[in-house]
Structure formats: C-alpha cells, structure tokens
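So you know, we letter chains A, B, ... as the sequences are listed, proteins then strands, and number each from 1. Just so it is clear, the structure is predicted and the values come from calculations on it, not from any experiment. Only heavy atoms go into these numbers, but all of them, side chains included; no hydrogens, no water, no symmetry mates.
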Protein chains: 2
Amino acid sequence: MNAQPPIPRADIERRGLRDLVYEHILEILLTGEISPGERVSIDGLARQLNVSPTPVREALVDLERTGLVVREALRGYRVSPPLERGQLQELFIARETVETAATRLATPADDELLRALAAAHAEHEKAGDRVRETAEQGGEATDSPEEAHRLQVSAAQEYFARDRDFHDRILEHCGNRYLVKMSQDLGAQVHRLRQALPHGITDVNEALAEHRAIIEAFASPDPTAPEAAMRHHVRMVAHRALVEDPQTPTQENHEDP
Amino acid sequence: MNAQPPIPRADIERRGLRDLVYEHILEILLTGEISPGERVSIDGLARQLNVSPTPVREALVDLERTGLVVREALRGYRVSPPLERGQLQELFIARETVETAATRLATPADDELLRALAAAHAEHEKAGDRVRETAEQGGEATDSPEEAHRLQVSAAQEYFARDRDFHDRILEHCGNRYLVKMSQDLGAQVHRLRQALPHGITDVNEALAEHRAIIEAFASPDPTAPEAAMRHHVRMVAHRALVEDPQTPTQENHEDP
DNA sequence: ATTTCATAGATCCTATAGGATTTTAGGTTC
DNA sequence: GAACCTAAAATCCTATAGGATCTATGAAAT
C-alpha cells in the first residue's frame, strides 16, 4: 500500500464550483461583455457555463456585495449602472481616506517595502511604455485597426494591474487587514470607473511621476512625507478624472492640503 | 377604472425569502446561540427554519463577506473565531480612520445633524440609565437571578444599539456612501467584539461624556474640533477595551494626537 | 493502551423539477 | 396611431433528490 501520511494539505486550496463560477462571471463583467443596466440571467449563465443555477446564485450574491451587480427581489440581477459624478467624487474621497491611512501605518518603510515598491514601479513603467507604444501606432497600424485596438485595451489592462500592484504593496505593509479589505472593495468600483472612461490613458507620465515621489518620500527621513505624497497622488488622479463637464459639485474634503 | 399613474413603488421594498433567512441567521449569530468555531450546518438551519437549503446557502454567502462566519470548501461554514488582540487593535485603527473621516466630512454640521445628534444622545442616555439600574439590582434581584441576567443583556443590547445610532447619525450626514458602507462592515466586527467581552458595560459615564464632547465640538466654530473629539472618543474606547492582559503589541498609529 | 482501519452517519455540493412572478409579444379598442 | 388587455414565454424562486466528501464511532492489530 502507498504509505501516504496524513498530508497537511493546506496550500492546495480546495475550491468549490462556486468560486470558479464567480471568477468566470467576474471576467464577463470586467471585460464589459454585458452593458451596464442589462440583465444578468441566472439560468442563462447556468446554461452558458454548463452548471446548475445554484452555484451561479451563490456567486451572484457575492458579486452583489462588491457592487458590480445589483439585485431586485423576484426580478433578478443587473449590471450596476455607471458611476455618476457624485459617486465618483465620493469614491475618490473614500480612496484617499483609506490609502493615506495605510501609507501612514506603513511608515517608516522597512527595506522589504522599499524593494517591493521599486520592483512594482519598474513593472509599472514597462506597462506605461507599452501603453504609449500602442497609443502611437494606433493610427498608422501594423495590423488591422481592430487588432490595434485590442492591443491598446490589453496594454491598458496590464497598466492598471501594475498600478494597482504598486498600491497593494503599501497596503500589504500597513499591517491592518481591515484597511486592506476596504481597499479591495473600493478597487472593484475603481475598475468600474476606469472601464467607463471613453478616451484612453492620457496621464501615464503624471501617474508614474507621482508614484516615484511616493517612493522618494518613503526613503526620506520625514515621517509625514509618504502620507502627503500619497494624498497628493490620489487627489491628482481624482482631478484628472473629473476635469470634463463641470456638473453639480456635491461635497469637498475639508482638510489641509 | 382607477386612474393610477405608473406608481413608482420604491418604498414597498419587496424582499425574498433569502433576506428573511439572512436576518434570522444574523439574529442567531449575534445572540451567541452558537459558539465561535462551532459548525453552522446548512441543512440543519434549513430544517430549523423550515426552508430549503438554497436560500440558506445564499444568506451564508452574504454573511461570509461580513466576517461573521468563515467557509471552508466542502467542509461547510463555522462561526468565526473570537477576535485576537492584534485584530482588535487593527479594528480600532480602521474604525478611527473611517469615523474621523466621516466626522470631518460632516463638518460644519447643519441644524438637522445637531438635532439628530441631540435626540440620539438622549436615547443613549436613557439606555445608559437602564444599564446602570440592571447592573445595580443584579445582585439583590427583584426576580430570579437568570431573569436579572436576561434584563442585563437586554439593556446592554439596547445600549449598544443607541450608541451605534449616535455614530450613524454622523455617518448619514457625511455624504459619502462608501464610508457608510465601510462603517457598516466594521460594525459587524465591533458587535462581535462586544459580545465577547466577559464583564458587563463599565464605561457608560465615560462614553456618554465623550459623545457629549462631540456634540459640543460640532456646535463650536472650530472646524477641526469635531474630528479631534471623535478621534479622542474612538481611542478611548480602544484603550478601555485593551486594558487587560498585556499581550504582544502589533502596530501603532503614527499620528499627532 | 495506543494506533490503525473500516463502516455508518451526517453533511456538503450539484442537478433537476415545479410553482409563482415578471416580461414580452400580439391583438384589440378608442 | 396610441393605449390597453390578454396570452405565452422566459425568468426567478424554492423544494426535492442523489452523488461525493467529510466526520465520527467502534473494532482489530501492534
């Protein structure tokens, strides 16, 4: 007989069908395969994924809490409508609150954080280069125009992922699991926002420069510098996202800049 | 025929069986009917509530995201283990972050907020009186000892609910739905913490005084006063909750007091 | 006495079925 | 032509059934 000891299989990470379905639906939502406001049929998804409705229902309950879908009893789920300007402002303020708190808690930075930030930033810069390349050759085209657009979208996704990695490195080192969870919850909304922006990424240089400033602030002896740099960064991102169509302002953040 | 316009019935609020089951399980968890670490059987709950397992499963998925239960694939749900000291510290820091941000956004307070806070505080004081009464006559007893204890628990629950109402009034007026949601998520953890504390409520006077200070700060012309009062309150709550058994400290909040 | 193994029970997980409700399509009337 | 009513299809919601997995109890062996 094969002498297999009671293997303490902790890292195999057994996952039920529900988790797989969740990721599949998430993929559908994030790629924008279904438009905001459109129905997300439970039975339809079950047929499409060749599973029963039960795991689909569980996955949707989970997704509802992320805010990506909304539920109306007896009427099913719908893709959440796009973020309004007011929600956008609130979202950035909430993000500023969480990110600055995490940055403060991660200060002073240990060597591990500094190395991780440098590595993440390098990847972010690479992704930024690709974004610029695809944006330039988008007009002339090496392949078909739809292929060029596909490359552009792919580069943008990679860029956003690396951007988020940078922030996640800080979150990981803040030592507060609740702030991490909050940031993840907000992250889903942020993604929704980015997907909704019509024009491509136009602030690669600015964002990278602000990230670099954050790294330098962590390296400096001033314990208030990192938080200030992060606050400035989040506010600039908000500013760049809110430049167009001046609408009804709803609230401001009363704090010293 | 009755000339009913396309009634925008928004407040009828239709709810499915899943929501009722959710509330029932929540009640079971908050009253401590099941001990931390114990199993939460899906089929068992379904039998107990006379419903099928499907809505129970959905409710548990929802509860899992609140942190009240934890899931292990193919092994079911369990009541979350009690908060460790490190988690407690992190929880209070997260709470301080969210509550102070909301307080800052609610400043300057309008008349509606001031009235709402005064009303909420009055109810909170009443509940505090009942807590003191039941604590005093707990020994002598008017009825059986277990009846006295029941009254004590009931008074404590009312007290906590009114305490939370006070904070919610501020949250409502901060104008940021994401901060509100974060506070609600943390609220479930806070409740878990309170239920775990062995001795009764011993800081009624202190808490009420700190709340009164917050009200006065909102009434003062100093725009930084409310946030400072709230920060002080949350920190004092944390201090009073963390006095006993000095364990390994994990992190501090680097900010000017 | 401790460990190992095996069997029985309970539980989780997924699939399928049917009742209730909503949505959609088509026809009718003003 | 627009509004209203009716009927059918689709969908949501809940319940039930069966296979897979885990847990627990008890017997056997070292």
Side-chain angles (χ1 to χ4, degrees), chain A residues 1-25 28 34-35 37-65 68-80, chain B residues 1-10 12-25 28-29 34-35 37-65 68-80:
Chain A
M1 54 192 73
N2 47 4
Q4 285 194 353
I7 302 174
R9 49 178 181 180
D11 48 347
I12 311 182
E13 187 183 357
R14 310 193 43 182
R15 308 187 319 161
L17 188 51
R18 167 193 136 190
D19 301 295
L20 298 175
V21 173
Y22 176 89
E23 291 176 5
H24 199 104
I25 300 179
I28 292 177
I34 311 180
S35 305
E38 234 176 316
R39 297 191 56 164
V40 182
S41 166
I42 296 176
D43 291 339
L45 278 174
R47 282 191 297 270
Q48 180 181 337
L49 303 180
N50 268 322
V51 297
S52 77
T54 307
V56 175
R57 299 182 72 82
E58 296 189 17
L60 283 174
V61 172
D62 211 352
L63 282 169
E64 184 189 4
R65 272 195 86 86
L68 289 178
V69 299
V70 291
R71 180 181 90 108
E72 203 168 349
L74 305 182
R75 300 219 292 182
Y77 292 87
R78 292 178 178 278
V79 179
S80 299
Chain B
M1 53 194 71
N2 47 3
Q4 284 194 354
I7 301 174
R9 48 175 184 179
I12 309 182
E13 186 182 357
R14 310 191 41 180
R15 309 188 319 161
L17 186 52
R18 167 193 136 190
D19 302 296
L20 298 176
V21 173
Y22 176 89
E23 292 176 6
H24 199 102
I25 301 179
I28 291 177
L29 292 177
I34 312 180
S35 305
E38 235 175 313
R39 298 190 57 164
V40 182
S41 166
I42 296 175
D43 292 338
L45 279 174
R47 282 191 297 268
Q48 180 180 339
L49 303 180
N50 268 321
V51 296
S52 77
T54 308
V56 176
R57 297 183 74 82
E58 298 189 15
L60 283 174
V61 171
D62 211 352
L63 281 168
E64 184 189 4
R65 272 196 85 85
L68 289 178
V69 299
V70 290
R71 182 181 87 109
E72 202 168 349
L74 304 183
R75 299 221 289 182
Y77 293 87
R78 291 177 179 278
V79 179
S80 300

A.B. asks: Closest-nucleotide mapping onto DNA chain C: is Arg78(A) or Asn50(A) further toward the 5' terminus? I mean the 5' end.
C.D. replies: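 Nearer the 5' end of the strand: Asn50(A).
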
A.B. asks: Would you say Arg71(A) reaches dC13(D)'s phosphate, i.e. side-chain N/O to OP1/OP2 under 4.0 Å?
C.D. replies: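 Looking at the OP1 and OP2 atoms of dC13(D), one of them is under 4.0 Å from a side-chain N or O of Arg71(A).
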
A.B. asks: Roughly, in whole Å, what's the span from CG in Leu45(B) to P in dC13(C)?
C.D. replies: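 Value for this atom pair: 14 Å.
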
A.B. asks: What's Val21(B) touching, base or sugar-phosphate or nothing? Going by heavy atoms closer than 4.0 Å.
C.D. replies: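 The residue Val21(B) makes no contact with any strand.
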
A.B. asks: Whole angstroms only, please: what is the CZ-P distance between Arg75(B) and dA24(D)?
C.D. replies: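 In whole Å, dA24(D) P and Arg75(B) CZ are 10 Å from each other.
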
A.B. asks: Write down the distance between CG (Leu49(A)) and C1' (dT14(C)), rounded to a whole number of angstrom.
C.D. replies: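 One finds 14 Å between C1' of dT14(C) and CG of Leu49(A), rounded.
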
A.B. asks: Please state how far atom CG in Leu60(A) lies from atom P in dC13(D), giving the value in whole angstrom units.
C.D. replies: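 These atoms are roughly 10 Å apart.
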
A.B. asks: What are the two closest heavy atoms between Asp62(B) and Arg18(B), and how far apart are they?
C.D. replies: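 Looking at all heavy atoms of both residues, the shortest contact is OD2-NH2, 3.6 Å.
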
A.B. asks: Compare all side-chain heavy atoms of Val61(A) with those of Arg65(A) and state whether any distance is below 4.5 angstrom.
C.D. replies: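 Answer no - side chains too far apart.
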
A.B. asks: For residues Ile42(B) and Arg57(B), determine if any side-chain heavy atom of one lies less than 4.5 Å from a side-chain heavy atom of the other.
C.D. replies: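 Answer yes - side chains close enough.
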
A.B. asks: Got Tyr77(B) and Leu68(B) here, is their nearest side-chain heavy-atom distance under 4.5 Å?
C.D. replies: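 Not in contact.
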
A.B. asks: Nearest whole Å is fine: how far is dT14(C) C1' from Glu58(A) CD?
C.D. replies: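 One finds 10 Å between C1' of dT14(C) and CD of Glu58(A), rounded.
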
A.B. asks: Quick check on dT14(C): is either OP1 or OP2 less than 4.0 Å from any side-chain nitrogen or oxygen of Ser52(A)?
C.D. replies: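 Checking dT14(C) against Ser52(A), no side-chain N or O comes under 4.0 Å of OP1 or OP2.
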
A.B. asks: To the nearest Å, how far apart are Arg57(B) CZ and dA15(D) P?
C.D. replies: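 Distance, rounded to whole Å: 14 Å.
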
A.B. asks: Whole angstroms only, please: what is the CG-P distance between Leu17(B) and dA20(C)?
C.D. replies: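 Atom-to-atom, Leu17(B) to dA20(C), this comes out as 15 Å.
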
A.B. asks: Between Asp43(B) (CG) and dT23(D) (P), how many Å, whole number?
C.D. replies: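 To the nearest whole Å, that distance equals 15 Å.
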
A.B. asks: If I compare all heavy atoms of Val40(B) with all of Arg78(B), which pair ends up nearest, and what's the gap?
C.D. replies: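 For Val40(B) and Arg78(B), the tightest heavy-atom pair comes out as CG2-C, 4.0 Å.
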
A.B. asks: Measuring from the side chain of Ile42(A) (C-beta onward, heavy atoms only), which nucleotide among dT23(D), dC12(D), dA15(C) has the closest atom?
C.D. replies: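 The listed nucleotide nearest to Ile42(A)'s side chain is dC12(D).
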
A.B. asks: Contact class for Thr54(B) (heavy atom, under 4.0 Å): base, sugar-phosphate, or nothing?
C.D. replies: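 Base: the residue Thr54(B), judged by heavy atoms under 4.0 Å, touches a nucleobase.
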
A.B. asks: Compare side-chain N and O positions of Arg18(A) against OP1 and OP2 of dC13(C) and report whether any pair is under 4.0 Å apart.
C.D. replies: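 For Arg18(A), the contact criterion (side-chain N or O under 4.0 Å from OP1 or OP2 of dC13(C)) is not met.
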
A.B. asks: Ignoring the backbone of Arg47(A), work out which of dT11(D), dT11(C), dA15(C) is nearest its side chain.
C.D. replies: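 Out of dT11(D), dT11(C), dA15(C), the nucleotide with an atom closest to Arg47(A)'s side chain is dT11(D).
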
A.B. asks: At 4.0 Å (heavy atoms only), tell me whether Val40(A) reaches a base, stays on the sugar-phosphate, or touches nothing.
C.D. replies: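 Contact class for Val40(A): sugar-phosphate only.
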
A.B. asks: Can you tell which of dA15(D), dC12(D), dA15(C) lies closest to the side chain of Pro55(B)?
C.D. replies: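 From the listed options, dA15(D) comes nearest.
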
A.B. asks: Nearest to the side chain of Ser41(B), heavy atoms from C-beta on, is which of dT23(C), dT11(C), dT14(C)?
C.D. replies: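 Selected nucleotide (nearest to the side chain): dT11(C).
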
